[in-house]
Colleague: 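So that we are looking at the same thing, I have put the structure below in structure tokens.
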Amino acid sequence: MKKLINNPEFVVEEMLQGMVKAYPQYVKKLEGYNVIVRKDAPVKGKVALVSGGGSGHEPSHAGFVGKGMLDAGVAGNVFTSPTPDQIFEAIKAVDGGAGVLLIIKNYTGDVMNFEMAGEMAQTEGINVASVIVNDDVAVENSTYTVGRRGIAGTVFVHKIAGAKAQAGGTLEEVKAVAEKVIKNVRSMGMALTPCIVPAAGKPNFTLADDEMEIGMGIHGEPGTMRTKLMKADEVVDHLMSKILKDLPYNSGDEVAVMINGLGGTPLMELFIMNKRVSEILDQNGIKVYKTFVGEYMTSLEMAGGSITLLKLDDELKELLDAPADTPAFKQL
Amino acid sequence: MKKLINNPEFVVEEMLQGMVKAYPQYVKKLEGYNVIVRKDAPVKGKVALVSGGGSGHEPSHAGFVGKGMLDAGVAGNVFTSPTPDQIFEAIKAVDGGAGVLLIIKNYTGDVMNFEMAGEMAQTEGINVASVIVNDDVAVENSTYTVGRRGIAGTVFVHKIAGAKAQAGGTLEEVKAVAEKVIKNVRSMGMALTPCIVPAAGKPNFTLADDEMEIGMGIHGEPGTMRTKLMKADEVVDHLMSKILKDLPYNSGDEVAVMINGLGGTPLMELFIMNKRVSEILDQNGIKVYKTFVGEYMTSLEMAGGSITLLKLDDELKELLDAPADTPAFKQL
Amino acid sequence: MPVTAKELIEILRDIYENISANKEYLTQLDSAIGDADHGINLTKGFKSVMEKIENMGDKDCGSILKTVGMTLVSTVGGASGPLYGTAFMRAGQVVAQKTSIDFEDYIKILEAALDGIKTRGKAEKGEKTIVDTLEPAIEEIKINKDKGKDIALELSLKAAEKGMEYTKEIIAKKGRASYLGERSIGHQDPGATSCYIILKTVADKILKK
Amino acid sequence: MPVTAKELIEILRDIYENISANKEYLTQLDSAIGDADHGINLTKGFKSVMEKIENMGDKDCGSILKTVGMTLVSTVGGASGPLYGTAFMRAGQVVAQKTSIDFEDYIKILEAALDGIKTRGKAEKGEKTIVDTLEPAIEEIKINKDKGKDIALELSLKAAEKGMEYTKEIIAKKGRASYLGERSIGHQDPGATSCYIILKTVADKILKK
Ligand SMILES: Nc1ncnc2c1ncn2[C@@H]1O[C@H](COP(=O)(O)OP(=O)(O)O)[C@@H](O)[C@H]1O
Ligand SMILES: Nc1ncnc2c1ncn2[C@@H]1O[C@H](COP(=O)(O)OP(=O)(O)O)[C@@H](O)[C@H]1O
Ligand SMILES: [Mg+2]
Ligand SMILES: [Mg+2]
Ligand SMILES: [Mg+2]
Ligand SMILES: [Mg+2]
């Protein structure tokens with residue numbers, strides 16, 4: 001395991017300390033908890049947004065804490081949902097009296113831990129609502145299963161619900177627009193290599209030198225197929241065909257695009273992916289309103305990437321365009 | 001070679017196309033050239049900044065093209081300096097009548113190709129000046145050699161000279177402040193793994209499973225020592241000891257810090273590095289004015305990172321704080 | 001039976017030791033269809049539990065079980081933390097203020113735990129989860145309770161074991177393993193297994209009395 | 001000699017072929033102390049050169065050499081592109097408008113090329129670069145030019161070869177290899193080698209005439 005770390009046990013704590021040292025103008029850490037909150041939290045009268053999950057997905061979620069996005073990011077151990085007490089502390093720290101929205105990625109552990117924290121907060125008289133992001137089309141949806149995983153599309157929920165809250169939206173309104181994003185966002189990813197959870201010390205799965213996995217989740221969960229290496233265009237064609245037909249996205253639609261790197265993929269390759277994505281959207285008469293290329297929801301050092309499309313209407317466009325000032329997402 | 005590409009020969013072209021498709025609000029590409037310029041180039045009456053070099057260092061340099069930073073980024077083949085004709089086109093495209101500053105990383109190839117382009121532009125009556133960035137303290141400086149390499153510190157030159165130009169500085173003034181940055185900026189990096197130049201198809205050097213190289217350059221040039229894997233704190237201690245004593249940085253100084261990932265290193269590890277950097281600065285009575293953690297000057301998918309310190313005075317602080325709006329560097 | 005507060009703490013120590021002894025095994029089961037942390041997470045959780053309850057021998061059984069639940073919730077994480085945590089907290093409510101637990105209490109505890117798990121996790125029997133072990137165990141103990149606690153416990157444990165083994169044959173519909181779809185068949189569910197370990201530990205202790 | 005424009009183009013084709021035949025070798029030399037692209041870059045450059053000058057047989061030698069230089073500059077990149085490019089452009093100035101090149105011209109061409117390379121690259125002899133091959137070659141051809149072109153060319157080529165081989169023994173002070181410091185000793189310089197290949201190709205052709 002080749003990592004720039006000191007002790008696998010303390011990676012999350014040390015990371016958060018390094019983060020707070022880097023960005024004191026944006027964030028502070030709750031003493032004794034792995035919780036990062038806005039420096040000016042609680043913001044009185046504003047609906048507060050809390051998200052989080054296992055660590056290893058940086059900059060998600062603490063990197064999106066700041067004006068116009070999240071009020072708190074809760075960091076669990078690597079790839080492990082944070083516990084309710086941590087989330088509860090985050091809720092208490094950011095509640096400015098207008099209520100708190102929990103933005104949860106759809107994993108059984110996350111859902112249950114956030115729900116419990118929400119219940120704890122409710123009993124203390126804090127108004128809590130929650131939304132569950134499930135944008136990953138790689139997993140078949142069905143009423144009998146837990147449904148789809150939440151991946152990079154979550155960042156669009158942070159951005160847009162964050163803008164609504166910043167603009168003075170009520171908890172109901174913020175929740176409603178978050179749900180609108182969830183309804184209109186779809187993603188799918190793929191991986192070229194595994195990653196190593198520091199505490200485990202070895203890769204969480206294996207892929208042969210000439211293999212890749214399509215539809216892989218951000219914790220290395222299995223995808224839809226394991227194949228021989230394909231060209232970037234072929235990979236994108238496959239991901240896009242799944243994504244486009246799922247919502248579906250139609251000619252005349254306007255979308256925001258996110259090309260997300262999983263951690264080990266150079267920006268060069270993400271741009272090459274985007275070239276093909278824009279061609280396909282063009283062929284389908286779908287208009288690109290705005291594109292984001294970079295690392296938003298990673299899997300440690302995994303090589304690979306995901307494509308996210310968010311179908312926009314006027315409200316979503318306006319909120320997407322609103323300024324944001326956080327360590328990892330800035331918009332003037 | 002596991003890469004999300006189509007054809008090793010066309011990676012640079014396809015990347016630039018994907019980039020322009022992603023950021024039409026910021027940049028355009030010069031038809032027939034691997035040159036990215038500000039969408040509104042040439043900006044009349046403003047000193048224009050041109051930088052560039054081999055590709056593979058993304059977001060450097062095209063990612064920093066935009067308001068408050070560069071006017072053009074010239075992209076050579078992977079790890080190969082662009083040719084003078086490309087640079088010359090860039091100069092012509094961005095000259096707004098107030099002259100053009102070339103920001104060159106100190107590599108023989110870059111220096112000669114940019115100089116030739118500058119001469120070509122001069123003969124066409126364009127006022128051209130240039131600065132050479134050589135922040136890498138890993139290489140011993142001496143009057144007999146080509147001197148130090150230019151690495152991540154270059155991004156501070158882009159930012160600060162860019163702010164000066166945006167504020168209406170003359171070519172002389174912009175060049176002077178760029179040189180002030182160069183005089184006050186020092187960096188050093190290390191690598192855990194090599195990277196693969198697409199056209200080569202194999203790693204550009206090898207490191208055993210338990211080895212790392214301290215002082216390695218951004219093209220895999222040899223460093224100061226190859227050692228057994230060390231803890232993050234030990235690595236940082238070593239890099240910082242070299243950097244701090246070089247300028248030197250003294251108690252009471254104020255610095256900007258950049259923790260730069262080389263492409264394959266997760267953000268988590270960069271924050272862990274920053275924790276130690278901030279401790280060391282604290283111990284030395286050096287004040288951190290602002291910190292930047294992320295990927296600014298990469299080496300494709302190489303795992304590793306570099307630390308950059310820029311000693312600040314009031315002028316540099318003000319310019320560092322000025323707004324910037326580019327794909328890869330935004331400041332509100 | 002009845003089980004006193006001190007004996008309850010002993011049972012919990014046995015649970016910790018048995019989970020801990022099966023740490024690798026549970027983790028290995030989780031690595032096949034999950035994320036390879038079930039044994040690690042539970043061991044960590046029950047270790048914290050022991051630190052918390054060690055000196056609670058003079059407290060009522062309700063308080064002890066509630067502490068167990070809250071500790072599991074705040075240390076285990078993932079899916080099993082809230083599930084087992086809720087189960088123990090609900091169990092604590094059943095015996096609130098009581099200084100000992102009798103056989104009738106135990107059945108109510110199991111029912112409350114199952115109810116907590118199902119409310120929290122929304123799983124039904126046959127979805128390859130903890131429920132597949134716990135629900136048959138309760139059904140069987142209730143049917144046979146008139147035959148005396150020893151027989152009822154033994155039959156209940158057999159049903160639990162059968163339920164656990166049946167998880168090998170079914171598709172996961174809940175939790176992380178559900179992403180595997182068909183590919184989850186052939187693997188025994190880690191949560192169903194840890195649940196069996198816990199039930200067996202309790203039964204062994206009660207039967208010896 | 002003299003060499004006509006058509007013959008000049010033939011010489012340049014030979015250079016392309018010999019560089020191309022040594023592509024792997026030059027790249028391998030560069031991989032030891034540089035970035036493993038010297039053979040690749042030069043081959044690419046001279047290939048473009050051939051496409052550009054193929055049909056320039058009716059042009060003057062100055063125009064041809066200037067085109068060679070400009071093409072190298074715009075296709076080779078790295079350090080050797082501007083260096084060889086400048087060398088050929090300077091050579092072109094020496095024989096501007098001339099329809100053929102005689103021996104005196106050739107010596108002037110070599111001098112102009114060296115001057116261009118030194119002005120551009122700021123290297124002196126002994127710094128492990130192209131200069132270590134080219135400068136001795138020129139010194140020797142000048143000393144011996146009264147002995148006749150054949151002898152002068154042969155002695156010059158010997159000096160070039162000796163200069164090239166001497167680069168094995170010295171520390172690089174210019175270019176990418178200079179970062180290696182002491183570790184550059186023992187490796188022959190790729191640029192010094194490609195320069196020898198070019199000089200030998202020219203000499204072979206002229207000697208045959
Ligand atoms: N909704 C649910 N209801 C009941 N049990 C569940 C549910 N989801 C998951 N489980 C149980 O949790 C176990 C996995 O626990 P664990 O590995 O600790 O959590 P995680 O999957 O978050 O890593 C599964 O084997 C399964 O028995
Ligand atoms: N300043 C210089 N003057 C003369 N020759 C030089 C100089 N710098 C480098 N060279 C030559 O260039 C060669 C390397 O060329 P090449 O590999 O094409 O460029 P790069 O180092 O940019 O990849 C070296 O072997 C050396 O002979
Ligand atoms: Mg090169
Ligand atoms: Mg698990
Ligand atoms: Mg887990
Ligand atoms: Mg080279």
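Below, read A as the first sequence line, B as the second, and so on, with proteins coming before strands; counting in each chain starts at 1.
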Colleague: What part of Asp209(B) lies closer than 4.5 angstrom to a heavy atom of chain A: side chain, backbone, both or neither?
Modeller: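 Just its backbone gets close to chain A.
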Colleague: So for Ala75(B), is it side chain, backbone, both, or neither that comes closer than 4.5 Å to the heavy atoms of chain A?
Modeller: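 When you check distances to chain A, no heavy atom of Ala75(B) falls under 4.5 Å.
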Colleague: Identify which part of Phe10(B) has an atom lying under 4.5 Å from any heavy atom of chain A, answering side chain, backbone, both or neither.
Modeller: neither
Colleague: Could you tell me which portion of Glu279(A) (side chain, backbone, both or neither) has an atom closer than 4.5 angstrom to a non-hydrogen atom of chain B?
Modeller: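 Neither part, no heavy atoms under 4.5 Å.
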Colleague: At a heavy-atom separation under 4.5 Å, does Leu16(A) approach chain B through its side chain, its backbone, both, or neither?
Modeller: neither
Colleague: Checking heavy atoms, do the side chain of Ala303(A), its backbone, both or neither come under 4.5 Å from chain B?
Modeller: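 When you check distances to chain B, no heavy atom of Ala303(A) falls under 4.5 Å.
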Colleague: Of the listed residues (Asp233(A), Val257(A), Thr265(A), Thr193(A)), which shares the most heavy-atom pairs with chain B below a 4.5 Å separation?
Modeller: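 Sorted descending by pairs with chain B, the first entry is Asp233(A).
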Colleague: Go through the atoms of Ile259(B) and report whether side chain, backbone, both or neither lie under 4.5 Å from a heavy atom of chain A.
Modeller: neither
Colleague: Less than 4.5 Å apart, any side-chain heavy atom of Leu270(B) and any of Glu58(A)?
Modeller: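 A side-chain contact is absent here, since even the closest heavy-atom pair is not under 4.5 Å.
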Colleague: Between Met212(B), Met268(B), Glu295(B), which shows the greatest number of heavy-atom pairs under 4.5 Å with chain A?
Modeller: Met268(B)
Colleague: Heavy-atom distances under 4.5 Å only: say whether Val11(A) touches chain B with side chain, backbone, both or neither.
Modeller: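 Looking at Val11(A), backbone and side chain both touch chain B.
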Colleague: Counting only non-hydrogen atoms closer than 4.5 Å, does Thr298(A) touch chain B with its backbone (N, CA, C, O), its side chain (CB onward), both, or neither?
Modeller: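 Contact with chain B is absent: no heavy atom of Thr298(A) under 4.5 Å.
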Colleague: Taking side chain as everything from C-beta outward and backbone as N, CA, C, O, which of these in Met190(A) sits under 4.5 Å from a heavy atom of chain B? Side chain, backbone, both or neither.
Modeller: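 When you check distances to chain B, only side chain atoms of Met190(A) fall under 4.5 Å.
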Colleague: Counting only heavy atoms closer than 4.5 Å, note whether Val277(B) contacts chain A via side chain, backbone, both or neither.
Modeller: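 Contact with chain A involves no heavy atom of Val277(B) at all.
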Colleague: Tell me which of these, Gly56(A), Ala232(A), Pro323(A), has more heavy-atom pairs under 4.5 Å with chain B than the rest.
Modeller: Ala232(A)
Colleague: Can you tell which part of Met19(B) gets under 4.5 Å to a heavy atom of chain A, answering side chain, backbone, both or neither?
Modeller: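 Met19(B) touches chain A through backbone and side-chain heavy atoms alike.
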Colleague: Check whether Val236(A) gets within reach of chain B through its side chain, its backbone, both or neither, counting any heavy atom under 4.5 Å.
Modeller: neither
Colleague: Quick check on the interface: out of Val78(B), Asn6(B), Leu192(B), Leu300(B), who has the most heavy-atom pairs with chain A under 4.5 Å?
Modeller: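 Heavy-atom pair counts peak at Asn6(B).
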Colleague: Around Gln283(B), counting heavy atoms of other residues, nucleotides and ligands shown, do more than 12 lie under 6.0 Å from its CD?
Modeller: yes
Colleague: If every non-hydrogen atom of Tyr23(B) is compared with every non-hydrogen atom of Phe292(A), which pair is closest and at what distance?
Modeller: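 Result for this residue pair: OH-C, 4.5 Å.
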Colleague: Where on Ile5(B) is there a heavy atom nearer than 4.5 Å to chain A: the side chain, the backbone, both, or neither?
Modeller: both
Colleague: Is the shortest side-chain heavy-atom distance between Gln25(A) and Lys290(B) below 4.5 Å?
Modeller: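 With C-beta onward as the side chain, the pair touches.
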Colleague: Counting only heavy atoms from other residues, nucleotides and ligands, does the tally under 6.0 Å from NZ of Lys39(A) exceed 12?
Modeller: no
Colleague: Considering only heavy atoms and a distance below 4.5 Å, find which of Met1(B), Glu301(B), Lys3(B) pairs most often with chain A.
Modeller: Lys3(B)
Colleague: State, with a plain yes or no, whether a side-chain heavy atom of Leu4(A) is found less than 4.5 Å away from one of Ile272(B).
Modeller: no
Colleague: Enter the distance from Ser55(A):OG to Leu267(B):CG here, rounded to the nearest 0.5 Å.
Modeller: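 So the gap between those two atoms works out to 11.5 Å.
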Colleague: What option among Glu14(B), Lys2(B), Lys231(B) has the most heavy-atom pairs under 4.5 Å with chain A?
Modeller: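 Option with the greatest count: Lys2(B).
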Colleague: Sort Ala62(A) into side chain, backbone, both or neither according to what part of it lies under 4.5 angstrom from a heavy atom of chain B.
Modeller: neither
Colleague: For each of Val288(A), Val20(A), Asn274(A), Leu207(A), tally heavy-atom pairs with chain B at distances under 4.5 Å, and name the one with the top tally.
Modeller: Asn274(A)
Colleague: Tell me which of these, Met302(B), Lys330(B), Gln331(B), has more heavy-atom pairs under 4.5 Å with chain A than the rest.
Modeller: Lys330(B)
Colleague: Under 4.5 Å heavy-atom distance to chain B, tell me which part of Leu229(A) shows up: side chain, backbone, both or neither.
Modeller: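 Just its side chain gets close to chain B.
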Colleague: Side chain, backbone, both or neither: which part of Glu13(A) has a heavy atom under 4.5 Å from chain B?
Modeller: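 Neither part.
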